[in-house]
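Structure record follows, encoded as structure tokens.
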Protein chains: 2
Amino acid sequence: MRISKINKMHNLSKNQQIIFDLIDKSSEPLKAYAILFNVQKKGIKAPLQVYRALDKLVEIGKIHKIESRNAFIACHNSSCQVAKATAFSICEICEKVTEISSAGLSKYLANFKDKDGMKYSKYNLEFFGLCKKCR
Amino acid sequence: MRISKINKMHNLSKNQQIIFDLIDKSSEPLKAYAILFNVQKKGIKAPLQVYRALDKLVEIGKIHKIESRNAFIACHNSSCQVAKATAFSICEICEKVTEISSAGLSKYLANFKDKDGMKYSKYNLEFFGLCKKCR
DNA sequence: TAATGTTTTGTTATATTATAACAATGTGTA
DNA sequence: TACACATTGTTATAATATAACAAAACATTA
Ligand SMILES: [Zn+2]
Ligand SMILES: [Zn+2]
Ligand SMILES: [Zn+2]
Ligand SMILES: [Zn+2]
């Protein structure tokens with residue numbers, strides 16, 4: 001199978017694929033300029049090339065941005081291929097980040113109504129604490 | 001009552017008080033450099049002076065940071081004078097931000113356990129949608 | 001194939017957000 | 001007073017992100 005065919009399956013362009021692969025195989029969230037440094041040998045030279053790929057990957061739900069850390073991780077939660085409802089746990093010592101996949105939590109938040117009765121289908125939740133190792 | 005006395009009540013230093021007052025009277029979240037611009041006439045000239053005050057104000061729970069917007073709002077929720085559990089609704093059109101004060105929500109999140117049975121007392125939740133006006 | 005619109009890329013420059021390092025001053029308390 | 005500690009002032013710099021424009025690649029269909 002040709003690479004272009006594989007890319008088409010995932011709807012990823014060349015730069016998007018390079019950057020997704022890097023994030024996907026990383027064991028920790030990656031920052032934009034760390035990504036840039038890592039992909040320079042593959043011909044991606046400018047910040048904007050990285051940010052454009054990141055924007056697209058977030059938009060299609062392949063990666064998520066950890067807002068409090070300005071960093072990106074791959075989504076391993078098959079139920080959130082659209083980037084609209086995310087939850088993470090973040091260790092305040094080692095900065096390990098894990099995506100939380102909880103049917104109960106997502107149901108609760110998707111059904112949450114504020115004082116005006118307003119419901120929100122899109123949210124981002126970041127829990128902070130100490131991971132197993134750091135406790 | 002002297003100003004120094006008032007400051008003492010709130011434990012705010014001069015710069016902290018100036019910056020808190022500005023944020024507190026603002027109807028929208030303020031960004032650090034917008035704050036800097038606004039307080040230059042009061043003698044605060046450098047970014048670091050702003051960031052130091054912001055850090056302290058966040059730490060003592062007088063203000064919160066809206067992570068997805070890099071902006072700050074005053075806390076009007078008497079139950080969260082320590083900055084550890086925050087929830088906001090954010091309008092994706094007009095960028096209006098409201099702090100959510102829901103006993104049910106905070107109870108649910110404070111008691112939430114992940115797959116490993118881990119509880120998190122600190123979290124930040126950002127809901128996105130359209131406010132009343134923008135709907 | 002050729003024409004067309006759309007997405008992606010490449011590139012330079014610049015804007016925005018945030019911290020490092022160090023010296024000086026103020027504040028509370030013993 | 002003397003001491004510890006928090007706060008301030010200042011310059012420089014690091015880190016994060018976008019503007020603007022031109023060229024190339026890709027998809028759709030005439
Ligand atoms: Zn996900
Ligand atoms: Zn840890
Ligand atoms: Zn609050
Ligand atoms: Zn609105």
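Residue numbers start from 1 in every chain, and the chains themselves are labelled A, B, ... in the order their sequence lines are given, proteins ahead of strands.
Rounded to a whole Å, the NZ atom of A:K45 is 15 Å from the P atom of C:dA13. Per the geometry, NZ belonging to B:K56 stands 13 Å off C1' belonging to C:dT27, to the nearest Å. Put simply, CG on A:N70 is 13 Å from P on D:dA15, counting in whole angstrom units. Taking atom NZ of B:K42 as the reference point, atom C1' of D:dT8 lies 17 Å away to the nearest angstrom. If you take CD1 of A:I44 and P of C:dG10, they are 7 Å apart, rounded to a whole angstrom. One can place CD1 of B:I18 at 14 Å from P of D:dT7, the figure rounded to the nearest angstrom. Per the geometry, CG belonging to A:D55 stands 14 Å off C1' belonging to C:dT7, to the nearest Å. Note: CG (B:N15) to P (C:dG26) measures 13 Å, nearest angstrom.
The stretch residues 23-32 of chain B has no heavy atom under 4.0 Å from DNA chain D, so no residue of it qualifies as close.
Ring to ring, B:F127 and A:F112 are close: their centroids are under 6.0 angstrom apart.
Two residues, A:R69 and B:G43, neighbour DNA chain D, and the one matched to the more 5' nucleotide by heavy-atom proximity is B:G43.
Contact check, A:N11 against C:dT7: no side-chain N or O comes under 4.0 Å of OP1 or OP2. The phosphate of D:dT8 (OP1 or OP2) has no side-chain N or O of B:Q49 nearer than 4.0 angstrom. Of the side-chain N and O atoms in A:K65, one or more sit less than 4.0 angstrom from OP1 or OP2 of D:dA17. Taking side-chain N and O atoms only, A:Q16 has a distance below 4.0 Å to OP1 or OP2 of C:dT8. Put simply, B:S13 has a side-chain N or O that comes within less than 4.0 Å of OP1 or OP2 on D:dT8. A sub-4.0 Å separation between OP1 or OP2 of D:dA6 and a side-chain N or O of B:K14 is absent. Here B:Y51 reaches the OP1 or OP2 of C:dA18: one of its side-chain N or O atoms lies under 4.0 Å away.
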Under 3.5 Å between N/O atoms: give me all the protein pairs with nucleotides 22-25 of chain C, atom names plus distance.
none

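A side chain to side chain contact (heavy atoms under 4.5 Å, CB included) with B:I19 holds for exactly one of B:L36, B:I35, B:I63; it is B:I35.
Between B:E95 and B:R69 a salt bridge is recorded (basic side-chain N to carboxylate O distance below 4.0 Å).
Contact annotation: the side chain of B:S102 never approaches that of B:Y108 to less than 4.5 Å [non-hydrogen atoms, C-beta and beyond]. The shortest distance between side-chain heavy atoms of B:I66 and B:N70 does not fall below 4.5 Å.
Looking at A:E99 and A:H64, their side chains do bring a donor and an acceptor atom within 3.5 Å of each other. Remark: the B:S89 side chain and the A:D114 side chain contain no N/O donor-acceptor pair separated by less than 3.5 Å.
In the interface, the side chain of B:Y33 is paired with the base of C:dA18 through a donor and an acceptor atom under 3.5 Å apart.
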